[in-house]
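Order of listing sets the numbers, starting from 1, for every ligand and every atom in it. Hydrogens, waters and symmetry mates are skipped; everything else that's a heavy atom, side chains included, is used.
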Amino acid sequence: MSLPQFYDPGDLVGVLTTQPLGRALDYRAPEGGCHLGAFVEVPLGPRKVIGVVWGAGKGDYDLSKIRSVIRVLDAAPMRAEMRSFLERAADYTLTPMPAMLRLATRAPGLGDPPSMRKIYRRGPGEPDKMTAARRKVLDALSAYGDLAFTLKELAEMAGVGPSVVKGLVAQGAVAEEDSPRDLPFARLDPDLPGKELTDEQTEGAAQLSHAVRSEKYGTTLLRGVTGSGKTEVYLEAVAAALRAGRQALVLLPEIALTAEFLTRVQERFGAKPAEWHSGATMTERRRIWRMVGQGKAQLVIGARSALFLPFQNLGLIVVDEEHDTSYKQEEGVLYNARDMAVLRASICGAQVVLASATPSLESWANAQAGKYNRLELTSRFGPAVMPEMRALDMRSEGLPSDRWVSEQLKTQVEARLAAGEQSLLFINRRGYAPITLCRACGHQIGCDDCDARMVEHRFLKRLVCHQCGETKPMPTICPSCDAEGRLAPVGPGVERLGEEAAALFPDARIATLSSDMYGSARALKAEIEGIAEGAADIIIGTQLVAKGHNFPKLTLVGVIDADLGLQGSDLRAAERTFQLMRQVAGRAGRAEKPGTALLQTYQPEHPVIRAILAGDEDRFWAAEAREREAAGVPPYGRMAGIILSGPDVAKVFDAGNLLARQDAPLRSIGAQVFGPAPAPIARVRGRHRVRLLVKAEKSAPLQDALARWVAQVPLKGDLRLAVDIDPQSFY
Ligand SMILES: [Zn+2]
Ligand SMILES: [Zn+2]
């Protein structure tokens, strides 16, 4: 590997910082010089900030006023490939470079000097007097050969206090050494025997491994029903990357990053991979960032932001559950990790595997068009097959207005209870009830800061706004008419469904799973693992149960409201409902027992419901694709959402109207602009939101036109503008 370009002391260099300045600033290279891509500390006004040497200085600034780089940080220089990735991602998402750089420098303590810690191993000396405690320490050390431990580890292993170890150090029987705090990750062994694969899986694994060995860019859509062994197949591609001496990254939706998954990886490779997620401690994050940068972490399993880690030699990116909406970052820098994975891989010559049971229409269309390779796993492990799926026509059920479990579904759950099997009752709504209504005046309690209803969370004993997170205590008096005791919950949420289940099945053990009911992601994962082992008879859950968890005893899935996702005007409503229903249904019958999925619906003739039941995925995708193609919307056309927001509604609309009038840059590429209109949620956190939508043909140079177009609006005062390329949600 050749070293990057070097700048001698005093040379002009351009340094990009994470401060919102719009461009790299000129500095002089410090004493000792610096490489292109070096992480540096520079003076900025009275402050010191961290930046990256982005290239030669421009020299267009008063040379006598140029200051020097303060120092080069102890981190491997950012590679050309990473700089190019950030630049192209910034161009694509219309994100300023400093904000992009921030994603790539999320390493706590990046500016700290290399930190050391004390470690202890067997020394050459002998203790003057052997005590039982001293013997324990020396025995513990000899049991591990030449390995070294921290003071805490060693004292705990030996079951003695730290002073015993210190006493042995004083006598030379234990050696105390300095060691870097961030240790490399254990070597993974790609040649350990993996799980035994079926012929189909072996063939798939061979195809992916072959692609990885080519050391060229390529993307494969790995499609397989739940339980078909997708993970085993792509872990063989990871093995191929490791054998070739390259690094691998497996992206998962945060909630799917389970201990169960990590155990599978550990079993395959004999050691733990690096884990990058929101629950990781600062120490773990620093270690991963540094070790990935030094090539001493071979495999990272991570949530979407792992894509911005400083890999030295990335050979494979797997995006598991690639259709998952959580890959789209909806705040700050608006990017889709799936698309950015493809971009990064295309720059560094890596392979991408997009894995899903129910791919996004985008990926499906790319595979149809031959841009992506295609790999299908059609059979499930063992005897189990896709569950039997049926609609329950709710029009003939005549349920009272405060009940949601039909008689037919109830009978089926009872049969599972009798057989000692698990049932899942699924409703994709958090909280107790979506609406709190005054029976005296009809008032619905809304959020003070948003145009959204407050949702009662009985578990938290509060009303919660799902837009801005604001909460307030449940009032006893109607805020509109002052009537007392007339506020009533309307409609079901997961908590209320749990209450109904407890009444219907008084002897069953019921577990309600909703992301907000547990203090931490870890607590939630622990709960899920307990349930998978059989700690509950009935699971009441929101969409988080659909994401990659394995419930071997589960044989019945009851979808309480299959129509829920079909409401609203989102162009992806049909696709999302189809994916979610198929995935939830796929939870049933994964082990030895066949499963059943029952969908309660008021519109069993709806084409999406019929497609779900028929299980003819290709026909569904083809029909959906035709509709989108006819409408010229993604993935067959391009879209961008513009959200203007501010505290003064008139000023926000003025800016929106100005943009709509001055649409020459858009017209020059044949794009159309719609709006301004109030955004579907017209007020969030007290800020009024106005939306414009831009539609263009697939081949149109959209970003460039957008950049010129939005630059016409001066963002004065509190007015803010966000551009969302390929918007996923229409909020
Ligand atoms: Zn009232
Ligand atoms: Zn709110």
Side-chain angles (χ1 to χ4, degrees), residues 278 325-326 328-332 334 401-402 427-496 514-519 542-544 564-565 567-570 641-653 655-656 675-691 717-722 724 727-731:
S278 62
T325 50
S326 70
K328 179 69 189 268
Q329 163 113 346
E330 298 278 12
E331 285 200 20
L334 307 176
S401 66
D402 57 349
I427 184 156
N428 201 16
R429 249 186 194 152
R430 292 180 290 135
Y432 185 80
I435 302 171
T436 301
L437 178 83
C438 172
R439 293 241 184 264
C441 74
H443 176 75
Q444 298 182 5
I445 297 187
C447 174
D448 297 336
D449 301 319
C450 308
D451 285 348
R453 294 192 192 106
M454 295 290 268
V455 178
E456 181 185 357
H457 284 236
R458 211 158 266 196
F459 176 77
L460 301 169
K461 300 191 178 63
R462 298 192 69 87
L463 291 164
V464 178
C465 171
H466 286 185
Q467 287 310 313
C468 71
E470 189 58 45
T471 74
K472 56 186 173 194
M474 187 73 191
T476 51
I477 294 171
C478 172
S480 177
C481 74
D482 293 336
E484 207 179 327
R486 302 299 304 276
L487 292 170
V490 177
V494 68
E495 295 176 20
R496 197 173 193 187
S514 178
S515 54
D516 50 358
M517 294 179 72
Y518 296 87
T542 58
Q543 66 172 351
L544 70 89
L564 194 59
Q567 300 153 6
S569 56
D570 193 326
I642 312 294
I643 294 271
L644 286 155
S645 68
D648 181 341
V649 66
K651 283 187 184 153
V652 181
F653 260 100
I681 306 292
R683 201 164 52 107
V684 174
R685 295 183 187 97
R687 295 176 68 83
H688 295 273
R689 304 165 83 240
V690 164
R691 178 181 186 97
D718 253 349
L719 191 66
R720 256 172 248 147
L721 183 149
D724 188 359
Q728 286 282 318
S729 71
F730 287 80
Y731 291 113

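When rounded to 10 degrees, the angle formed at the Zn ion (ligand 2) by SG (Cys447) and SG (Cys450) equals 110°. Rounding to 10°, one obtains 110° for the angle at the Zn ion (ligand 1) between SG (Cys478) and SG (Cys481).
Counting backbone and side-chain atoms alike, Cys465 contributes an N/O/S atom closer than 2.8 Å to the Zn ion (ligand 2). The Zn ion (ligand 1) has no N, O or S atom of His443 closer than 2.8 Å.
At a threshold of 4.0 Å, the pair Arg689-Asp451 does not count as salt-bridged, since none of the basic side-chain nitrogens sits closer than that to a carboxylate oxygen.
In this structure a side-chain-to-backbone donor-acceptor pair under 3.5 Å is present from Arg683 to Asp448.
Among the candidates Ile435, Thr436, Leu437, the single residue satisfying the side chain to side chain contact (heavy atoms under 4.5 Å, CB included) test with Arg453 is Ile435.
When all heavy atoms of His688 and Pro647 are compared, the closest pair comes out as CD2-O, 3.3 Å.
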